[in-house]
2 protein chains.
Amino acid sequence: MAKNKKIDDELHLLAARRLRAAGMRYSKSRKAIVEVLASAGRPLTLDEVLDFQSDKTLAQSSVYRNSTELVEAGILKCLASGKDHNRFELDDSIIGHHHHFVCLDCGDIEDFEVPEYLEKEILALEAELVKKGLSVEGHTLDIQGRCHQCS
Amino acid sequence: MAKNKKIDDELHLLAARRLRAAGMRYSKSRKAIVEVLASAGRPLTLDEVLDFQSDKTLAQSSVYRNSTELVEAGILKCLASGKDHNRFELDDSIIGHHHHFVCLDCGDIEDFEVPEYLEKEILALEAELVKKGLSVEGHTLDIQGRCHQCS
DNA sequence: GTTCGTGCAAATACTTTGCACGTAT
DNA sequence: ATACGTGCAAAGTATTTGCACGAAC
């Protein structure tokens with residue numbers, strides 16, 4: 001628990017620093033959103049963020065507005081999700097690069113990691129595209145299927 | 001051109017067969033949608049589908065309704081797309097398995113293919129997950145960046 | 001005290017649906 | 001004749017925005 005506390009502190013310091021760098025404040029609402037996402041440990045829709053906050057005090061509009069801003073500051077990442085709404089999670093630069101298993105039925109997402117060598121080959125592929133003159137920012141490797149619940 | 005004509009014919013025959021198998025008809029609207037997507041050669045939003053049809057006769061509601069149905073019949077695939085709306089393309093079983101380069105600025109998507117060996121490793125990864133009891137349907141490997149236009 | 005963030009409510013955008021009519025079988 | 005598909009307009013959701021107030025610098 002002490003350990004997690006420490007990680008949390010670092011998370012918030014980092015978030016505060018990045019927002020400051022972008023000329024924004026790390027307000028109570030923004031902190032609450034980061035907190036919810038950190039403790040969920042998986043990508044959440046904005047509805048879920050609203051639901052999961054302990055003291056239901058965030059206004060919907062604040063969650064929408066802040067999620068956009070936190071993405072711009074590089075603290076959150078927005079995941080496309082064919083089904084239902086978009087989902088948000090802490091940025092790779094914070095929780096580390098990883099990939100997603102997406103349930104086709106319920107839309108839920110779980111993280112998983114990929115063998116080193118595979119990751120490297122994907123990076124090589126990116127390099128190829130750069131050679132062809134495209135500017136590359138990153139990649140997404142998702143697996144789709146049904147989660148334990150739904151299958 | 002004769003060649004393309006032939007491919008088109010096959011496409012429509014295939015689509016008709018699949019719809020029939022699902023108890024649906026290959027109506028004029030549905031054919032128009034498939035046609036637009038086939039000639040675009042890249043994933044389109046429903047707005048784009050509406051725009052690109054030669055004789056603007058499709059109703060918006062028909063495009064929405066039919067896109068859902070064509071997905072169910074296995075003719076179209078719906079792509080999540082963090083930015084803007086969802087996009088649709090012909091199913092992998094029709095145009096072959098491939099991957100997407102997604103422009104972070106304009107949201108546009110281009111297809112690209114991936115070396116055989118990489119594809120195989122991803123399949124091996126899927127097999128791993130199946131061993132862990134998940135049911136796996138497929139994967140997505142996208143590269144994000146900026147297209148020639150936007151960079 | 002000025003700038004930035006907030007909640008609320010209104011506005012906008014997106015998608016789905018009900019219904020009466022048309023078309024294909 | 002029947003089942004299925006269509007357009008239109010209305011309803012339903014989701015998301016964004018304007019504004020006046022409050023909090024942080």
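As a basis for the values below, the full set of heavy atoms in this structure was taken, side chains included, without hydrogen atoms, waters or symmetry mates. A note on names: the letters A, B, ... follow the listed sequences, proteins ahead of strands, and every chain is numbered from 1. None of these values were measured; they are calculated from a predicted model.
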So which protein N/O to nucleotides 1-3 of chain C N/O distances come out below 3.5 Å?
{"from": "dT3(C)", "atom 1": "O2", "to": "Arg25(A)", "atom 2": "NH2", "distance (Å)": "3.0"}

Starting at atom NZ of Lys31(A), determine the distance to atom C1' of dA24(D), rounded to an integer number of angstrom. 15 Å

Along nucleotides 15-21 of chain C, 5' to 3', which nucleotides get a B, which get an S, and which get a -, given that the test is a protein heavy-atom distance under 4.0 Å? BBBB---

What is the distance from CD1 of Ile33(B) to P of dG5(D), rounded to the nearest Å? 12 Å

Look at all strands and tell whether Ser67(A) reaches a base, only sugar-phosphate, or nothing, counting heavy atoms closer than 4.0 Å. nothing

Under the rule for salt bridge (charged side-chain N to carboxylate O under 4.0 Å, His left out), what residues qualify as partners of Glu121(A), not counting sequence neighbours? none

Whether the side chain of Gln53(A) engages the backbone of Thr57(A) through a donor-acceptor N/O pair (distance < 3.5 Å, no angle test) should be reported. yes

Between Ser27(A) and dT6(C), is there a contact of a side-chain N or O with OP1 or OP2 at under 4.0 Å? yes

Filter on salt bridge (charged side-chain N to carboxylate O under 4.0 Å, His left out), then keep only pairs touching residues 19-42 of chain A, sequence neighbours left out; what's left? Arg30(A)-Glu69(A), Arg42(A)-Glu48(A), Arg42(A)-Asp108(A)

Given atom CZ of Arg20(A) and atom C1' of dG5(C), what is their separation to the nearest angstrom? 14 Å

Could you list the residues that satisfy salt bridge (charged side-chain N to carboxylate O under 4.0 Å, His left out) with Glu137(A), not counting sequence neighbours? Arg146(B)

Could you check how far CE of Met24(B) sits from C1' of dT25(C), rounded to whole Å? 17 Å

What's the OH-P distance between Tyr26(B) and dT25(C), to the nearest Å? 14 Å

I'd like to know whether NZ of Lys56(A) has more than 12 heavy-atom contacts from other residues, nucleotides or ligands below 6.0 angstrom. yes

Run the side-chain contact (heavy atoms from CB on, under 4.5 Å) test on Ser67(A) and Leu46(A) for me, step by step, so that the C-alpha distance in whole Å, both residues' side-chain angles and the decisive distance to 0.1 Å come before the verdict. CA-CA 8 Å; Ser67(A) 61; Leu46(A) 294 184; 3.8 Å; yes

To the nearest angstrom, how far is Lys28(B) atom NZ from dC4(D) atom C1'? 17 Å

Taking only N and O in the side chain of Ser29(A), is any of them less than 4.0 Å away from OP1 or OP2 of dT6(C)? yes

Would Asp91(B) and Ser93(B) satisfy side chain to side chain donor-acceptor pair (under 3.5 Å), going step by step from the backbone distance to the final call? CA-CA 5 Å; Asp91(B) 190 78; Ser93(B) 64; 2.7 Å; yes

First of Gly23(B) and Thr57(B) reached from the 5' end of DNA chain D, by closest nucleotide: Gly23(B)

Rounded to whole Å, please give me the gap between CD in Glu69(A) and C1' in dT6(C). 11 Å

Do any N or O atoms from the side chain of Glu89(A) and from the backbone of Leu44(A) form a donor-acceptor pair under 3.5 angstrom? no

Filter on ring pair (Phe, Tyr, Trp, His ring centres under 6.0 Å), then keep only pairs touching residues 117-151 of chain A, sequence neighbours left out; what's left? His97(A)-His139(A), His99(A)-His139(A)

Mind calculating the distance between CD (Glu72(A)) and P (dT16(D)) to the nearest angstrom? 12 Å

